[in-house]
Amino acid sequence: MAEGSAAVPSTELLEWPKKDKRRFLHAVYRVGDLDRTIKFYTECFGMKLLRKRDIPEEKYSNAFLGFGPEESHFVVELTYNYGVTSYDIGTGFGHFAIATPDVYKMVDDIRAKGGNITREPGPVKGGSSVIAFVKDPDGYIFELIQRASTPEPLCQVMLRVGDLDRSVKFYEKALGMKLVKKVDRPEYKYSIAMMGYAEEHETTVLELTYNYGVTEYTKGNAYAQVAISTDDVYKSGEVVEHVIQELGGKVTRKPGPIPGINTKITSFLDPDGWKTVLVDNEDFLKELK
C-alpha cells in the first residue's frame with residue numbers, strides 16, 4: 001500500500017449502518033426564553049414537557065418536549081444559554097413539521113392563543129395534502145401536516161442543501177437512511193428528498209431541499225443538530241470517516257464517552273455543514289433513567 005493512502009473499508013463495515021438499530025432521538029436548538037417556548041409548545045402544539053435540567057456551572061438550561069416518551073419518540077431539546085435572548089436562524093434551516101388529524105382546528109387553537117400563522121391551512125400547490133405554517137416565539141417555522149393518524153407527530157426536520165444527489169448519497173452511506181421520497185418541482189425551481197429509517201408517514205424524516213442554483217446557505221447560531229441512535233458508536237464513526245473522505249464533511253468529535261456522563265457519542269458535519277450526533281443506544285436509555 002502506498003504511504004499515506006487510506007485503508008479500504010470492508011464491505012461488512014460499509015453495510016453496518018443499514019443493519020444498525022437507528023432512529024431519530026432529538027433535534028437540538030437554542031431559544032431565548034425557555035419557559036415561554038415550553039408554554040407555546042405545550043399549549044399550542046400539544047407537546048408534553050418530558051424533562052428539564054439546569055446546569056448553572058455551564059450557564060445553560062435544557063428542556064425536552066415531544067408527543068411521547070424519549071425511549072420511543074423523536075423530541076426537541078431546547079437550550080437556553082443564560083442571558084442570551086435571541087439567535088440568528090440563518091437561511092439554511094427550513095422548518096420542523098407536526099402531523100395532526102385536523103390542521104384547521106389546530107390553526108384555530110394556535111391563533112386563539114396568540115400564535116403567528118404564516119400560511120393559512122389549505123392544500124399544497126399542485127397537490128391535495130393540507131398544510132399550514134406557524135412561527136414560534138423565537139422565529140422557528142413549524143409546518144402542520146394533516147394526517148389521519150401517525151405514530152410520530154413530530155415528523156420532519158427540513159434543511160436546505162447545495163447538492164441534493166450528494167446529500168442523498170451521504171445520508172444513505174454515512175447514516176444508513178433510505179430515500180423514501182424524491183420530488184422535483186421545476187415550476188417552483190426546487191427539489192426535495194425525504195430521508196429516514198421507515199416510510200414518511202411512519203417516522204421522522206429529514207426533508208432535504210435544493211433550490212435551483214443555490215449552493216450555499218448561512219447556518220446562523222440557533223439550530224444545532226439532530227441526534228440519532230446506534231448500537232456501536234465506534235463502528236458507526238469509522239463508516240462516517242470513510243464517507244467524509246468520499247463526499248465531504250468533517251468529524252467534530254471522535255467516538256468516545258462524554259466526560260462526567262459516560263454516554264458514548266460521535267459527531268460530524270455533512271457536506272453542507274449540518275451536524276449529526278450519533279448516540280449509543282444503551283447509554284442513552286441509561287441516561288434517561
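Numbers for residues simply follow the sequence, beginning at 1.
Checked for salt-bridge contact, K182 and D165 meet the test: a charged N lies under 4.0 Å from a carboxylate O. Between K105 and D109 there is a salt bridge, with a side-chain nitrogen of the basic residue lying less than 4.0 Å from a carboxylate oxygen of the acidic one. Taking a cutoff of 4.0 Å between a charged side-chain nitrogen and a carboxylate oxygen, K275 and D270 do not qualify as a salt bridge. Between E120 and R111, at least one side-chain N (NZ, or NE/NH1/NH2) sits under 4.0 Å from a carboxylate O, which counts as a salt bridge. In summary, D231 and K19 do not engage in a salt bridge, as defined by a charged side-chain N under 4.0 Å from a carboxylate O. A salt bridge links E200 to R147: one of the charged nitrogens lies within less than 4.0 Å of a carboxylate oxygen.
Residues Y188 and K125 form a side-chain contact, since some pair of their non-hydrogen atoms from C-beta on lies under 4.5 Å apart. Contact of the K254 side chain with the E241 side chain is registered, since non-hydrogen atoms from C-beta on lie closer than 4.5 Å. Two residues are said to be in side-chain contact when any heavy atoms from C-beta on lie closer than 4.5 Å; V180 and M195 fail this criterion. Inter-residue side-chain proximity for F45 and I98 is flagged as met; some heavy-atom pair is nearer than 4.5 Å. A 4.5 Å side-chain heavy-atom check between L78 and L65 finds at least one atom pair inside the cut-off. Under the 4.5 Å side-chain criterion, counting only non-hydrogen atoms from C-beta, V134 is not in contact with N116. Using a 4.5 Å cut-off on side-chain heavy atoms (C-beta onward), M158 and H95 make contact. For the pair L25 and V279, the minimum side-chain heavy-atom distance is below 4.5 Å.
Between the OG atom of S86 and the CG atom of D33 there is a distance of 12.0 Å, given to the nearest 0.5 Å. Atoms CG and NZ, from L34 and K52 in turn, are 5.5 Å apart once rounded to the nearest 0.5 Å. Atom CZ of residue R30 and atom CG of residue D138 lie 12.0 Å apart, to the nearest 0.5 angstrom. Here the straight-line distance linking atom CG of D283 with atom CD1 of I258 works out to 9.0 Å at 0.5 Å rounding. Here SG of C44 is found 10.5 Å from CG of L144. Values are rounded to the nearest 0.5 Å. For the atom pair CG of L208 and CZ of R166, the computed distance is 11.0 Å after rounding to the nearest 0.5 Å.
When hydrophobic clusters are built by joining Ile, Leu, Val, Met, Phe, Trp and Tyr residues whose side-chain heavy atoms come closer than 4.5 Å, directly or via intermediates, F40 is grouped together with V107. A single hydrophobic cluster is not seen to contain both I38 and L50; linkage of ILVMFWY side chains at heavy-atom distances under 4.5 Å, directly or through other members, places them apart. The cluster map of Ile, Leu, Val, Met, Phe, Trp and Tyr, joined by side-chain heavy atoms under 4.5 Å apart, puts Y171 and V226 in the same cluster. Placement of V205 and F93 in two distinct hydrophobic clusters is found when ILVMFWY residues are connected by side-chain heavy-atom separations under 4.5 Å, directly or transitively. Placement of F142 and L49 within a single hydrophobic cluster is found when ILVMFWY residues are connected by side-chain heavy-atom separations under 4.5 Å, directly or transitively.
In K235, the NZ atom is crowded: over 12 heavy atoms of neighbouring residues, nucleotides or ligands sit closer than 6.0 Å. The 12-atom threshold is not exceeded at CD of E216, counting heavy atoms of other residues, nucleotides or ligands nearer than 6.0 Å. Within 6.0 Å of the CD atom in E282, the count of heavy atoms belonging to other residues, nucleotides or ligands does not exceed 12.
A donor-acceptor pair under 3.5 Å is formed between the side chain of R119 and the backbone N or O of G122. No side-chain donor-acceptor contact under 3.5 Å links K18 to the backbone of L175. The backbone N or O of R253 lies less than 3.5 Å from a partner atom in the side chain of T266, making a donor-acceptor pair. Judged purely by atom type and a 3.5 angstrom limit, S10 uses its side chain to pair as donor or acceptor with the backbone of L13. Side-chain atoms of R53 never come within 3.5 Å of backbone atoms of A63 as a donor-acceptor pair (strictly under, hydrogens ignored). Under a 3.5 Å cut-off, the side chain of E77 and the backbone N or O of H26 do not form any donor-acceptor pair.
Centroid-to-centroid, the aromatic rings of Y41 and Y140 stay 6.0 Å apart or farther.
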Inset, instruction - Determine, step by step, whether E199 and K181 satisfy the salt bridge (charged side-chain N to carboxylate O under 4.0 Å, His left out) criterion, reporting the C-alpha distance in whole Å, the side-chain angles of both residues, the deciding distance to 0.1 Å, and the verdict. - result: CA-CA 9 Å; E199 294 307 308; K181 185 168 82 175; over 6 Å; no

Inset, instruction - List the steps, then state whether salt bridge (charged side-chain N to carboxylate O under 4.0 Å, His left out) holds for R51 with E70. - result: CA-CA 10 Å; R51 59 186 170 117; E70 288 179 73; 2.6 Å; yes

Legend entry - Residues Q225, T276; criterion side chain to side chain contact (heavy atoms under 4.5 Å, CB included); working and verdict: CA-CA 5 Å; Q225 66 217 27; T276 299; over 6 Å; no

Inset, instruction - Walk me through it: do Q146 and T100 pass the test side chain to side chain contact (heavy atoms under 4.5 Å, CB included)? - result: CA-CA 5 Å; Q146 189 151 301; T100 178; 5.6 Å; no

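Here N262 pairs with nothing under the side-chain hydrogen bond (donor to acceptor under 3.5 Å, both in side chains) rule; sequence neighbours left out. Taking the side-chain contact (heavy atoms from CB on, under 4.5 Å) definition, one finds that S236 meets it with W16, D20, R22, T230, L278, sequence neighbours left out.
What you find for F170 and G248 is that their closest heavy atoms are CE1-O, 3.5 Å.
With 3.5 Å as the limit, one finds no donor-acceptor pair spanning the side chains of N221 and D88. A side-chain N or O of S191 and one of D184 form a donor-acceptor pair less than 3.5 Å apart. A side-chain N or O of Y82 and one of D54 form a donor-acceptor pair less than 3.5 Å apart. Between the side chains of T203 and E152, not a single donor N or O lies within less than 3.5 Å of an accepting N or O.
Applying the ring-ring contact (aromatic ring centres under 6.0 Å, His included) test to residues at least two apart or on different chains, the pairs with a partner in residues 251-289 are Y223-W274.
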